[in-house]
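One structure below.
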Amino acid sequence: MSLANFFNEIAFKWQKEWENSKVYEANPETDKPKKFITVAFPYTNSPLHIGHGRTYITADIYARYLRMKGYNVLFPFAFQFTGTPILSISESVKRGDEEIISTFVNIYQIPKEEIEKFSDPTYLAEYFKNNMKNTAKKLGLGIDWRREFTTVDPIFEKFVQWQYRKLMELGYIKREDSPVAYCPRDEFPVGMHDTKGDVEPEITDLDGIYFPSGDYFFIAATPRPETIFGAVALLVNPEADYVIATDSLNRKVIISRQAYDKLKYQISFREEGEKKGKDLVGMIAKNPVTEKEIKVLPSKFVDPSIGTGVVMAVPSHEPLHYIALTELKEEFELIPVIKTDELGELPGVEAVGLAQTRNPAELKDYIDTIYRIEYHKGIMREDLVDLVPNFMKEFVKDKIAGKLVKDAREKTRELLDMLNSRITIYEISNGPVYCRCGAEIVVKVIKGQWFIDYSNPIWKTSVLKSLDKINFIPTDSKKEMEKIIFNLQPRAFTRSRGLGVRLPWDEKEIIDSLSDSTIYTAFYTIVHKLKYPISLLSDKFWDYILLDRGTADEISKELGIPKEQLEEIKSEFKYWYPVDSRHSGRDLIQNHLPYYLFHHFAIFGEKFLPRQIVTNGFIRVGGKKMSKSFGNIYPLNRAIDEYGVETVRIALTSTSSISDDIEFNSNIAKSIAEQLKKIHDLISKLLEIEGVNERRDPDVWLLSIFRRYIEDVDKAYENLDLRTVYMTVYYTIYETIKDYIELTNAKINKDIIKKVISIWLRLMAPITPHLAEELWHKMSNTFVVKEKFPSINEVEYNEKSLLKVEYLRSIIEDVNRLSSELGKEAEKVVIYVNDDNNLRELLKKAIIAIKDRKSLRDFMIENNVDDKTARRIYELANVLPSTIRDLIVTTDIDEEEVIVQNINFLMNKLDLREMIVYSSTDEKAPNILGKKDLALPYKPGIAIL
RNA sequence: GCGGGGGUGCCCGAGCUGGUCAAAGGGGGCGGACUCAAGAUCCGCUGGCGUAGGCCUGCGUGGGUUCGAAGCCCACCCCCCGCACCA
């Protein structure tokens with residue numbers, strides 16, 4: 001049987017037992033302190049993968065730890081159905097999309113006949129919900145499943161709608177026009193999951209500037225509106241088609257056909273006529289700010305599909321414009337607009353000279369550099385004032401000339417707006433991007449899009465302030481969160497399609513997934529008790545339960561729900577809330593977690609913010625972040641089958657610190673599995689050995705050292721430093737017990753080993769509960785997962801015994817090291833112990849001084865020693881094993897006596913024929929190999945013969 | 001640009017509350033055992049010099065703090081990730 005199967009059989013057995021005994025069903029117990037642990041729930045568009053696993057197992061470990069520490073722990077779970085991807089996948093399946101279907105077949109091994117049914121989005125979501133739930137159970141997550149729900153449950157919809165009516169009342173909802181990526185054929189906004197090759201469409205904005213030309217206006221598109229002062233010509237593509245259209249002010253504008261086809265989704269244009277590009281050439285236009293007359297010229301560089309197909313030429317700052325104009329052999333002016341220290345007066349001209357090329361592709365680096373330097377370091381020239389007509393001079397002088405480009409750009413826009421000469425144009429910057437239906441994605445401006453106003457200064461400030469009340473793990477995540485919240489902008493929170501909750505006041509809109517999942521953790525506390533007709537769950541109901549408004553009598557009368565039931569539901573909410581620890585992946589710091597805090601604050605106020613937020617790093621496979629495009633998604637189920645539950649639980653959570661990414665691969669998993677097997681076998685064997693009853697130094701040493709382990713592991717669990725827990729519990733303790741067996745020559749003390757194993761199993765129970773349970777039942781009939789976490793009071797602590805054994809171990813280690821280095825077996829060993837009491841005292845002082853970070857100089861002055869002695873003693877303090885170093889501060893032993901008492905033990909252990917101990921101050925003792933002089937306190941001189 | 005995380009030996013990768021750190025663990029390489037042989041498995045070695053617990057070089061580069069720096073501080077170079085309506 002493989003190791004994976006071996007552990008999985010154990011695991012599944014105990015999972016059944018726990019379920020039968022309802023170990024994880026939590027109900028309010030008013031006399032017991034509670035802990036409420038939640039995780040960010042999964043989106044049900046595919047099975048759980050090992051990335052989910054990390055967050056869920058971490059939370060599970062924490063929940064188990066807290067339960068053992070005596071808390072009443074609630075750890076619930078639910079499923080996110082809301083969102084458009086499920087719909088997109090479903091539609092793709094219906095369409096027979098090979099890419100999607102093969103993902104399900106190859107990565108997730110889903111049967112074909114199931115996939116066919118995915119054309120029903122709800123079926124798909126349900127299918128993956130059940131699949132996920134199964135996997136969660138297999139993982140051993142200790143969840144109270146009575147409280148599971150999905151975000152399309154009618155009760156949940158009621159709950160979310162209540163929340164949004166509250167936000168509306170509070171004035172946190174607003175409407176604005178908003179650009180989105182849009183498929184013109186399907187007629188809906190698209191995201192990454194809707195595009196061919198899963199490309200996220202990115203939107204940038206450009207400025208369209210109106211240049212009057214007789215009865216017409218050319219609209220030139222530019223990313224750098226501030227260079228308008230240097231625009232000395234307009235360029236059009238002579239081969240392209242242009243459209244004449246009227247805008248909302250009834251002006252006749254000219255843009256390319258391709259631009260028109262895209263911009264009609266953003267701006268209300270009405271097509272009036274058509275012109276060839278070459279027919280536009282020769283027209284005279286006017287620069288709207290300088291009012292200079294400029295020519296319309298032909299250039300093949302102008303791409304009619306970019307911007308508006310009309311370009312304002314600024315040869316002074318744009319190398320390509322300079323090239324285009326010089327090639328036309330036209331006379332033109334060079335008007336410098338921006339000055340910088342790094343670039344010359346006319347960067348557009350200079351770049352062409354420097355690059356020694358007229359090829360646009362080769363000039364790209366130069367152009368990027370000019371853009372970057374001018375934007376970040378450039379200053380608008382003072383003489384711009386001379387270029388503009390009188391009525392503009394004051395504005396240009398005050399707001400633009402001499403100002404940083406960064407600021408002047410905004411002011412130039414203002415100027416153009418005052419002249420009614422500017423529009424904003426949106427473009428797909430990484431285009432062309434195609435919809436799965438085949439059509440090219442465009443940008444559409446949605447009129448009156450609903451927004452949540454996260455930029456509201458009072459709301460934002462309150463949330464920022466309240467961060468101090470929350471414990472962040474890792475601590476650095478708080479800083480990150482602060483910055484994100486500080487920069488948080490209003491968020492468009494509704495979509496036109498997909499599964500989810502309808503917006504209560506605009507029922508064709510669906511509240512998007514991140515926005516319906518902001519206070520849903522409150523829902524867990526009561527969902528299992530809400531067995532009422534939907535119609536009864538009015539706003540008054542929620543107000544009473546969650547906000548304590550109104551009286552039970554009043555609500556009971558109005559809704560016909562018994563008063564006692566209302567009171568019970570409310571008190572359950574009050575018992576569990578707020579969340580004590582919220583767990584998620586690190587990526588949610590920039591969206592979900594801030595929203596979670598904003599909404600909690602808005603609805604409940606500061607008192608119900610989560611007490612702690614834990615964010616973990618990602619899981620990498622093959623050195624890369626898991627993603628569909630790398631094809632390296634690792635389903636959790638597969639990992640469990642291949643390596644076993646306990647191995648997966650460790651590999652995904654405990655092999656590195658919480659903020660770091662974890663690499664998951666078979667080598668690591670295998671070595672963990674092997675170690676677990678070793679532990680299993682060792683404990684099983686120890687429980688069978690007869691053992692002795694006498695109590696010797698190594699016995700006391702073992703107990704004493706376990707006291708330290710309890711302390712360390714307890715603290716590590718509390719801080720979710722699972723790496724330390726893992727190293728200590730699964731390796732250090734294992735080695736310690738091996739050492740103990742060695743030290744006692746396998747004559748173990750029965751009671752002591754039982755006690756120590758009991759502690760060991762309880763220390764490992766949060767991380768590997770199944771293994772712990774299996775072994776625990778060899779000693780007891782109770783559930784280890786419900787036992788108390790070990791306390792240091794369970795074991796005696798004797799520093800002297802500790803030091804004695806550590807000292808003997810260090811001698812054994814030293815002798816072994818020396819003899820292996822010499823390449824000869826030790827037969828006879830001579831040991832010199834240093835019993836110079838002054839030196840001992842000094843050493844003790846040095847150890848304390850080092851701990852207190854005292855400088856060498858202070859140490860010298862305080863103890864009246866010279867530089868050389870001080871350095872030597874500092875060095876000695878370093879050389880000592882850390883356990884000994886710590887112990888001799890508070891206790892000491894007579895080295896010679898300890899060795900003499902244990903001389904048989906040492907000789908036995910080292911396989912010696914003879915062993916002699918001398919004191920280094922004994923003048924009669926021979927100085928073999930000069931080792932007598934080498935002896936130092938706790939670091940004896942050793943001669944091997 | 002802003003924000004986050006990094007640069008470790010032939011390679012991957014731990015360590016990063018300063019001291020058993022010449023630096024865990026793999027992999028690769030070399031040598032050995034087993035084998036007719038190959039594979040698998042097991043053992044040893046894998047910076048240099050030394051061969052009595054030592055010295056030198058060393059954790060991106062250059063400085064600094066300290067009795068002591070891979071770890072802390074400063075500067076520089078380089079790499080990766082995120083930046084919104086997407087779960």
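Labels below follow one simple rule: chain letters A, B, ... track the order of the sequence lines, proteins then strands, and each chain is numbered from 1.
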Length of the [atom1]-[atom2] vector between [X] and [N], whole Å:
| X | N | atom1 | atom2 | value |
| --- | --- | --- | --- | --- |
| Asp476(A) | C16(B) | CG | C1' | 13 Å |
| Asn616(A) | G5(B) | CG | C1' | 15 Å |
| Arg885(A) | G68(B) | CZ | C1' | 12 Å |
| Leu842(A) | C67(B) | CG | C1' | 14 Å |
| Ile861(A) | C67(B) | CD1 | P | 12 Å |
| Arg871(A) | G68(B) | CZ | C1' | 9 Å |
| Asp886(A) | U17(B) | CG | C1' | 14 Å |
| Phe618(A) | G4(B) | CZ | C1' | 11 Å |

What's the gap between [N] and [M] when it is taken at their [atom1] atoms, as a whole Å value?
| N | M | atom1 | value |
| --- | --- | --- | --- |
| C10(B) | G48(B) | P | 10 Å |
| C77(B) | G44(B) | P | 47 Å |
| G29(B) | G39(B) | P | 11 Å |
| C43(B) | G53(B) | P | 29 Å |
| A14(B) | C21(B) | C1' | 12 Å |
| A70(B) | G15(B) | C1' | 9 Å |
| C56(B) | G60(B) | C1' | 22 Å |
| G62(B) | G5(B) | P | 25 Å |

Taking atom CD of Glu711(A) as the centre, does the number of heavy atoms from other residues, nucleotides or ligands within less than 6.0 Å exceed 12? yes
Return whichever of Arg620(A) or Ile944(A) has its heavy-atom-nearest nucleotide of RNA chain B closer to the 5' end. Arg620(A)
Report the residue (Lys483(A) or Ala877(A)) whose heavy-atom-nearest nucleotide on RNA chain B is the more 5′ of the two. Lys483(A)
If only side-chain N and O atoms count, and only distance matters, is there a donor-acceptor pair under 3.5 Å linking [Y] with [X]?
| X | Y | answer |
| --- | --- | --- |
| Gln675(A) | Tyr731(A) | no |
| Asp516(A) | Thr82(A) | yes |
| Thr38(A) | Arg582(A) | yes |

Regarding [X], tell me which of base, sugar-phosphate or nothing describes its non-hydrogen contacts under 4.0 Å with the strands shown.
| X | result |
| --- | --- |
| Gly930(A) | nothing |
| Ile942(A) | base |
| Arg853(A) | base |
| Pro474(A) | nothing |
| Ser855(A) | sugar-phosphate |
| Ile850(A) | base |

Please encode protein proximity along nucleotides 21-26 of chain B as a string of B, S and -, counting only heavy-atom distances under 4.0 Å. -----S
Protein-proximity profile, nucleotides 82-87 of chain B, B/S/- by nucleotide at the 4.0 Å heavy-atom cutoff, equals S-BBBB
In the strands shown, is G1(B) matched to any nucleotide by a Watson-Crick or G-U wobble pair with both distances under 3.5 Å, and which?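 Partner of G1(B): C83(B).
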Once you apply the 3.5 Å cut-off to both distances, tell me the Watson-Crick or G-U wobble partner of G28(B), or none. U46(B)
Within a strict 4.5 Å, meaning less than it, do heavy atoms of the [X] and [Y] side chains meet?
| X | Y | answer |
| --- | --- | --- |
| Lys845(A) | Phe859(A) | yes |
| Leu488(A) | Phe598(A) | yes |
| Glu895(A) | Tyr807(A) | yes |

Within 45° cone and under 6.0 Å: Lys444(A) NZ/CZ vs Tyr182(A) ring: yes
Less than 6.0 angstrom from the centroid, inside 45 degrees of the normal: does Arg224(A) satisfy that with respect to the ring of Tyr375(A)? no
Check whether any side-chain nitrogen or oxygen of Lys931(A) sits under 4.0 Å from OP1 or OP2 of A52(B), and answer yes or no.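 For Lys931(A), the contact criterion (side-chain N or O under 4.0 Å from OP1 or OP2 of A52(B)) is not met.
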Would Gln449(A) and Ser178(A) count as a side-chain hydrogen bond (donor to acceptor under 3.5 Å, both in side chains) if you check the C-alpha gap in whole Å, the side-chain angles of each, and the deciding distance to 0.1 Å? CA-CA 6 Å; Gln449(A) 166 69 48; Ser178(A) 161; 5.3 Å; no
Looking at G53(B), does its base get a donor-acceptor pair with the side chain of Asp814(A) below 3.5 Å? yes
When the aromatic ring centroids of Phe41(A) and His52(A) are compared, is their separation below 6.0 Å?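 No, they do not, as the ring centres are separated by 6.0 Å or more.
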